[in-house]
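Model, not experiment: these values are computed from the prediction. Only this structure's heavy atoms are used, side chains among them; waters, hydrogens and symmetry mates stay out.
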Amino acid sequence: HLEGRLPRVTEPRAEPRSGYAIHSATQDLFEFFVSAYHLKDALIADEAAGKQDVEDAINNSPTLALLADLANLDKHRKLTKPPRSGDVPVVAKVSDTSAGPGWQLVVSIRHKGAVIDGVTFANQAVDEWRRHLQSWKLI
């Protein structure tokens with residue numbers, strides 16, 4: 001369940017800050033992108049939504065199209081298809097910042113001339129899927 005996994009990638013982390021911890025948090029975030037994108041497979045396999053409806057949702061949503069590209073990049077280290085979002089996203093910087101008692105992962109993604117915060121984007125991706133699931137009366 002994506003919503004249940006979302007806090008793990010978006011909330012401040014309590015473990016000691018280290019290179020390993022930042023790398024691990026980055027892996028968690030990109031694995032989340034892959035899982036979030038592949039919700040499409042479950043929707044289609046379970047016949048909860050039609051394949052064309054799901055593909056149209058991805059193609060017509062800048063958020064879900066970018067999610068598709070980020071998932072593809074994570075799985076293959078380069079896009080294996082033309083970018084669904086219209087441009088190849090680039091992970092520009094991985095760092096961290098203090099966030100109260102813990103620290104927060106910061107992943108800057110360059111896309112179409114803008115810099116997107118990867119952690120914020122994870123929330124946006126879940127919100128976008130939620131919007132489509134509601135329109136299909138699945139939640």
Side-chain angles (χ1 to χ4, degrees):
H1 188 258
L2 289 177
E3 289 180 329
R5 292 180 55 206
L6 188 61
R8 173 147 170 77
V9 299
T10 60
E11 292 182 354
R13 297 187 170 249
E15 73 261 25
R17 186 180 329 184
S18 67
Y20 174 80
I22 292 167
H23 177 75
S24 179
T26 304
Q27 277 189 299
D28 289 346
L29 179 64
F30 278 86
E31 287 171 6
F32 181 83
F33 291 157
V34 172
S35 294
Y37 173 63
H38 286 289
L39 172 59
K40 79 178 199 107
D41 296 328
L43 291 167
I44 294 166
D46 294 347
E47 298 180 358
K51 179 177 176 148
Q52 194 60 53
D53 290 335
V54 173
E55 293 297 335
D56 287 348
I58 294 166
N59 290 329
N60 295 321
S61 164
T63 300
L64 295 181
L66 177 55
L67 180 66
D69 291 341
L70 290 169
N72 189 290
L73 278 171
D74 186 63
K75 284 174 53 180
H76 304 288
R77 300 293 176 228
K78 64 180 182 170
L79 287 183
T80 57
K81 304 173 186 175
R84 290 181 85 161
S85 64
D87 194 17
V88 178
V90 175
V91 176
K93 182 178 177 185
V94 174
S95 61
D96 65 280
T97 185
S98 257
W103 57 274
Q104 179 71 53
L105 177 68
V106 176
V107 176
S108 299
I109 301 166
R110 281 196 322 266
H111 186 252
K112 292 186 173 181
V115 177
I116 299 162
D117 174 63
V119 173
T120 301
F121 181 76
N123 281 302
Q124 293 168 341
V126 169
D127 288 345
E128 185 68 4
W129 270 127
R130 187 182 303 114
R131 189 175 69 77
H132 287 286
L133 293 172
Q134 288 169 339
S135 75
W136 296 325
K137 308 220 182 312
L138 297 175
I139 57 173

With distance as the sole test, does [X] use its side chain to make a donor-acceptor pair with the main-chain N or O of [Y] at under 3.5 Å?
{"X": "Q124", "Y": "G118", "value": "no"}
{"X": "W103", "Y": "E15", "value": "yes"}
{"X": "T10", "Y": "L6", "value": "yes"}
{"X": "D87", "Y": "K112", "value": "yes"}

Cluster question for you: counting only ILVMFWY and a side-chain heavy-atom cut-off of under 4.5 Å, with indirect links fine, are [X] and [Y] together?
{"X": "V54", "Y": "L138", "answer": "yes"}
{"X": "V91", "Y": "V115", "answer": "no"}
{"X": "V107", "Y": "L2", "answer": "yes"}
{"X": "I58", "Y": "V34", "answer": "no"}

H132: which residues meet the ring-ring contact (aromatic ring centres under 6.0 Å, His included) condition with it, sequence neighbours left out? W136

Salt bridge present between R8 and E31 (N-O < 4.0 angstrom): no

Could you tell me which non-hydrogen atom of [X] sits nearest to which non-hydrogen atom of [Y], and how far apart they are?
{"X": "P16", "Y": "A21", "answer": "O-CB, 3.5 Å"}
{"X": "R17", "Y": "G102", "answer": "NH2-O, 4.4 Å"}
{"X": "F121", "Y": "F33", "answer": "CD2-CE2, 3.8 Å"}
{"X": "R84", "Y": "D69", "answer": "N-OD1, 2.9 Å"}
{"X": "P12", "Y": "Q104", "answer": "N-OE1, 3.3 Å"}
{"X": "P89", "Y": "I109", "answer": "CB-CG2, 3.9 Å"}

Stepwise side chain to side chain contact (heavy atoms under 4.5 Å, CB included) check, K93 with V106: CA-CA 8 Å; K93 182 178 177 185; V106 176; over 6 Å; no

Contact check, side chains of I116 and L66, non-hydrogen atoms, under 4.5 Å: yes

Taking the side chain as every heavy atom from C-beta outward, state whether L64 and Y37 have any atom pair closer than 4.5 Å. no

If you link I, L, V, M, F, W and Y whenever their side-chain heavy atoms are under 4.5 Å apart, who else ends up in the same group as L79? L73, V88

Kindly indicate, with the supporting measurements, whether the criterion side chain to side chain contact (heavy atoms under 4.5 Å, CB included) is fulfilled by R13 and D28. CA-CA 12 Å; R13 297 187 170 249; D28 289 346; 3.4 Å; yes

Other residues, nucleotides, ligands: >12 heavy atoms within 6.0 Å of H38 NE2: yes

Can you tell me if CD on E47 sees more than 12 non-hydrogen neighbours from other groups inside 6.0 Å? no

Spacing of [atom1] belonging to [X] relative to [atom2] belonging to [Y], to within rounding of 0.5 Å:
{"X": "S61", "Y": "D56", "atom1": "OG", "atom2": "CG", "result": "12.0 Å"}
{"X": "E11", "Y": "L105", "atom1": "CD", "atom2": "CG", "result": "13.5 Å"}
{"X": "T63", "Y": "N123", "atom1": "OG1", "atom2": "CG", "result": "11.5 Å"}
{"X": "D53", "Y": "K51", "atom1": "CG", "atom2": "NZ", "result": "12.5 Å"}

Set out, in order, the CA-CA distance, both residues' side-chain angles and the distance that settles side chain to side chain contact (heavy atoms under 4.5 Å, CB included) for L43 and W129, then state yes or no. CA-CA 11 Å; L43 291 167; W129 270 127; 3.8 Å; yes

